[in-house]
Enquirer: 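Questions regarding the structure given below will be posed in turn.
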2 protein chains.
Amino acid sequence: MENEMMTIRQMCDAFDVTPRTLRFYEAKELIFPVRDGQKRFYDRRDRGRLKLILRGKRFGFALEEMRQLLNLYDRGDAQEEQLTRTYEAARERLAQMERQRDELTEAIIELRAQLEHGAEMVAAFRKPAAE
Amino acid sequence: MENEMMTIRQMCDAFDVTPRTLRFYEAKELIFPVRDGQKRFYDRRDRGRLKLILRGKRFGFALEEMRQLLNLYDRGDAQEEQLTRTYEAARERLAQMERQRDELTEAIIELRAQLEHGAEMVAAFRKPAAE
DNA sequence: AGGATGCTTGACGTTAACGTAAGCCGGAAC
DNA sequence: GTTCCGGCTTACGTTAACGTCAAGCATCCT
């Protein structure tokens, strides 16, 4: 049933993206709809890829990263080594996110201290006393 | 002693920024060095502002936000209401950071689940089975 | 005098992920 | 037949915070 081709509009509705986005992803070689004259048609594979792209975005993967990951699984039949590489990429990304969160946490603590602990923040904003 | 003017280079060394950065901040009206012919000279006030700008950056304030905060304290003599406003700005920013951290934490949990909990992530990257 | 520095302005480049506008085309509805 | 709808392409605009030339003075040292 849902094995058939979809138009750009159907895709947009299904995935809540704009046509511009789909064409952009195509330009970036993330998806490869079939062209019938001027029109684009998206098959199951495109839908699968798009789904992953959007999921990846939620995890903070850049489009280029996703492209590489997706391409990894397009040539060759997903060998062990490549599966491993994907794991590694995901784990690296996870580590990045954790570092980022930690930095943020530190900054929060610092800022909170300034706010609660005294009027330093405000004082800091005051003009240096006239000489 | 350290009450005197500093050249752009002295500033760069003191604050670990590039000349480009100082000129950029000037163009954005964050600091206002005195000009003697071609040269720029930075006084205590500029140093104070720069210090705050850099501190603000660590907290994730945008330059434009910092400009507004700084300007708030330049006209008028820092009235209560304005001090309050700065507090509010800082608190808002804090809330933003906390939200951001929470989102990140969620994403981390999700991603971690995919990695630990099964081969879903990898499976997801696999081509849909040929029909 | 004649580099070698150091400072200046101005303008374009960078990164990401699209938004937006302009202008063209083909098919469908009236 | 003509208008309208949707799709198409191309290309510039957006945001932040500078980096990176390019090219021109002024000054300092020898």
Side-chain angles (χ1 to χ4, degrees), chain A residues 5-43 46 49-70 89 93 96-97 100 103-104 107, chain B residues 5-43 46 49-70 89 93 96-97 100 103-104 107:
Chain A
M5 302 292 226
M6 289 172 63
T7 69
I8 199 169
R9 181 108 310 276
Q10 291 174 316
M11 289 291 282
C12 292
D13 293 344
F15 292 93
D16 193 34
V17 294
T18 69
R20 182 69 183 88
T21 299
L22 293 179
R23 290 192 280 261
F24 180 75
Y25 288 172
E26 182 182 347
K28 292 285 176 181
E29 301 189 296
L30 284 156
I31 48 181
F32 313 93
V34 176
R35 304 300 293 267
D36 177 16
Q38 283 296 64
K39 291 169 188 170
R40 289 169 169 81
F41 290 102
Y42 302 81
D43 63 9
D46 293 310
R49 293 176 71 99
L50 180 55
K51 187 174 171 187
L52 287 176
I53 293 163
L54 298 178
R55 173 184 299 181
K57 286 198 59 172
R58 289 212 323 279
F59 292 151
F61 284 90
L63 290 186
E64 173 58 19
E65 290 180 286
M66 288 305 297
R67 192 185 65 80
Q68 289 179 21
L69 287 175
L70 288 169
R93 179 64 200 151
Q96 266 181 42
M97 290 166 69
Q100 196 183 330
E103 282 175 34
L104 202 49
Chain B
M5 304 291 226
M6 289 171 65
T7 68
I8 198 170
R9 181 108 310 275
Q10 291 174 316
M11 290 290 282
C12 292
D13 293 344
F15 292 95
D16 193 33
V17 295
T18 70
R20 181 70 183 88
T21 299
L22 293 180
R23 290 191 280 262
F24 180 75
Y25 288 172
E26 182 182 346
K28 292 284 175 181
E29 301 189 296
L30 284 156
I31 49 182
F32 312 94
V34 176
R35 303 301 293 267
D36 176 16
Q38 284 294 62
K39 292 169 188 170
R40 289 170 168 81
F41 291 102
Y42 302 82
D43 63 9
D46 293 310
R49 292 176 71 100
L50 180 56
K51 188 174 170 185
L52 286 175
I53 293 163
L54 298 178
R55 173 184 299 181
K57 285 197 57 172
R58 290 212 322 281
F59 292 150
F61 284 91
L63 290 187
E64 173 58 20
E65 291 179 286
M66 287 307 297
R67 192 185 66 81
Q68 290 179 22
L69 287 176
L70 288 170
R93 179 63 200 154
Q96 265 181 42
M97 289 165 69
Q100 196 183 330
E103 281 176 34
L104 202 50

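Letters go in sequence order (proteins before strands), and every chain restarts at 1.
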Enquirer: Take the protein atom CG of B/D36 and the nucleotide atom P of C/dT8, then report the distance between them rounded to whole Å.
Expert: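 Atom CG in B/D36 sits about 11 Å away from atom P in C/dT8.
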Enquirer: Output yes when A/E65 and A/R93 qualify as a salt bridge under the 4.0 Å nitrogen-oxygen rule, no when they do not.
Expert: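 No, A/E65 and A/R93 are not salt-bridged.
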Enquirer: Given D/dA11, C/dT8, D/dC18, identify the nucleotide with an atom nearest to the side chain of B/R20.
Expert: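 So the nucleotide nearest the side chain must be D/dC18.
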Enquirer: Just by distance, no angles: are the side chains of A/E64 and A/Q68 close enough, under 3.5 Å, to form a donor-acceptor pair?
Expert: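 There is such a pair between these side chains.
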Enquirer: In Å and rounded to the nearest 0.5 Å, what is the CG to CE distance from A/L52 to A/M66?
Expert: 5.5 Å
Enquirer: Please determine if a side-chain N or O atom of A/K28 lies less than 4.0 Å away from the OP1 or OP2 oxygen of C/dT15.
Expert: no
Enquirer: Rounded to the nearest angstrom, tell me the gap between atom OH in B/Y42 and atom C1' in C/dC7.
Expert: 10 Å
Enquirer: Hey, is the side chain of B/R40 poking within less than 4.0 Å of OP1 or OP2 on C/dT9, counting only N and O atoms?
Expert: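 Looking at the OP1 and OP2 atoms of C/dT9, one of them is under 4.0 Å from a side-chain N or O of B/R40.
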Enquirer: May I ask you to say what A/T18 touches in the nucleic acid, namely base, sugar-phosphate or nothing, with a heavy-atom cut-off under 4.0 Å?
Expert: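 Sugar-phosphate contact only.
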Enquirer: For A/E26 and D/dT9, give me the distance from atom CD to atom P, rounded to whole Å.
Expert: 7 Å
Enquirer: CG of A/D46 to CZ of A/F41: how many Å apart, nearest 0.5 Å?
Expert: 12.5 Å
Enquirer: Nearest to the side chain of B/R9, heavy atoms from C-beta on, is which of C/dT9, D/dG7, C/dC7?
Expert: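 Closest nucleotide to the B/R9 side chain: C/dC7.
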Enquirer: Give the nucleotide from the list D/dT9, D/dC18, D/dG7 with an atom nearest to the side chain of A/I8.
Expert: D/dG7
Enquirer: For B/A62 and A/Q10, find the nucleotide of DNA chain D closest to each by heavy atoms; which residue's nucleotide sits nearer the 5' end?
Expert: A/Q10
Enquirer: Calculate the interatomic distance between A/L50 atom CG and C/dC18 atom P; express it in whole Å.
Expert: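 Roughly 11 Å, once rounded to whole Å.
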Enquirer: How many whole angstroms separate atom CG of A/L30 from atom C1' of C/dA17?
Expert: 11 Å
Enquirer: Take A/K39 and B/F24, find for each the nucleotide of DNA chain D with the closest heavy atom, and name the residue whose nucleotide sits nearer the 5' end.
Expert: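 First, find each residue's nearest nucleotide; the 5'-ward one identifies A/K39.
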Enquirer: Looking at A/R23, does any N or O in its side chain come under 4.0 Å of the phosphate oxygens OP1/OP2 on D/dC8?
Expert: yes
Enquirer: Measuring from A/Q96:CD to A/F59:CZ, what's the distance to the nearest 0.5 Å?
Expert: 14.5 Å
Enquirer: Checking contacts here: which listed nucleotide (D/dT9, C/dA17, D/dC18) is nearest the side-chain heavy atoms of B/Y25?
Expert: D/dC18
Enquirer: Give the rounded distance in Å between these two atoms: CE of B/M66 and P of D/dA16.
Expert: 16 Å
